[in-house]
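Okay, so here's the structure we're looking at.
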Amino acid sequence: MNHHEDGPDRAHRRPKGVGDETVEALGSLSKALETTERARGHLYAFHQLTGSADLELDRAVDLLRKAGHEEWADRVQREILGRNIIPGHWTFQIVEAYNRTYYEPFRDLERQALADLVDGRDHLYEAEMKEARRTVGHPDHTARPDTPR
């Protein structure tokens, strides 16, 4: 790896003695965690969309009553409004269980691996890819935000 004068800051340089395989493995671990972050975002979207749908049912029940459809209003209120998503769970409970059982342990393990193997330095794989792909001296290819243009 060739570090130019305006190369990556210390936080994005691999520590001495850290091999390519370690950097690649940690990059893969981080990529998997980033994918989990996206999945978690979709889970929160599911939670919010389901909650919004349930709140909209209040309006549907009210409108059915105003239209004279008491039996249908009662049925929607009784059978769907506030219903569990899976047995015994609303979406907030699914989110909490996911965070506690999967996301938080995964996040913590990734942080521990970085701390143990590369002094806590994050995104080494990407920083080295950036260094290899940038055009040295080009004002829009600087290594760091603090590099003068």
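The analysis underlying the following values was restricted to heavy atoms, covering all of them including side chains, and did not include hydrogens, waters or symmetry mates.
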Is the shortest side-chain heavy-atom distance between [X] and [Y] below 4.5 Å?
X: R111; Y: L114; value: yes
X: W72; Y: V61; value: no
X: K66; Y: D62; value: yes
X: T36; Y: Y98; value: yes
X: H89; Y: I86; value: yes

Closer than 3.5 angstrom, by distance alone: can the side chain of [X] be matched with the main-chain N or O of [Y] as a donor-acceptor pair?
X: T50; Y: F46; answer: yes
X: R59; Y: L55; answer: no
X: Q48; Y: A45; answer: no
X: D54; Y: L81; answer: no
X: T22; Y: V18; answer: no

Pairwise distance [atom1]([X]) to [atom2]([Y]) - rounded to 0.5 angstrom:
X: Y44; Y: T91; atom1: OH; atom2: OG1; result: 10.5 Å
X: E71; Y: R78; atom1: CD; atom2: CZ; result: 9.0 Å
X: I94; Y: T101; atom1: CD1; atom2: OG1; result: 12.0 Å
X: H47; Y: E96; atom1: NE2; atom2: CD; result: 9.0 Å
X: S52; Y: L57; atom1: OG; atom2: CG; result: 11.0 Å
X: R40; Y: F106; atom1: CZ; atom2: CZ; result: 13.0 Å

Group every Ile, Leu, Val, Met, Phe, Trp and Tyr by side-chain heavy-atom contacts under 4.5 Å, then state whether [X] and [Y] land in the same group.
X: V76; Y: W90; answer: no
X: L109; Y: L117; answer: yes
X: L43; Y: L49; answer: no

Problem - Distance-only side-chain donor-acceptor flag, R65 / Q77, under 3.5 Å - result: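 Result is yes, a qualifying pair exists.
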Problem - Steps toward side-chain contact (heavy atoms from CB on, under 4.5 Å) verdict (R14, D20) - result: CA-CA 9 Å; R14 72 169 71 181; D20 291 344; 2.9 Å; yes
Completion exercise
Closest non-hydrogen atoms of G88 and Q93, given as atom of the first, atom of the second and distance, are O-OE1, 3.4 Å
Problem - Closest approach of A113 to L26 (non-hydrogen atoms, all atoms of both residues) - result: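 Looks like CB-CD2, 4.0 Å.
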Practice task
Verify the neighbour count for atom CD of E70: are there more than 12 heavy atoms of other residues, nucleotides or ligands below 6.0 Å?
Solution key: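 More than 12 heavy atoms, drawn from other residues, nucleotides or ligands, come within 6.0 Å of this atom.
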Problem - Pair E104 + R107, salt bridge at N-O below 4.0 Å - result: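 Result for this pair is no, no salt bridge flagged.
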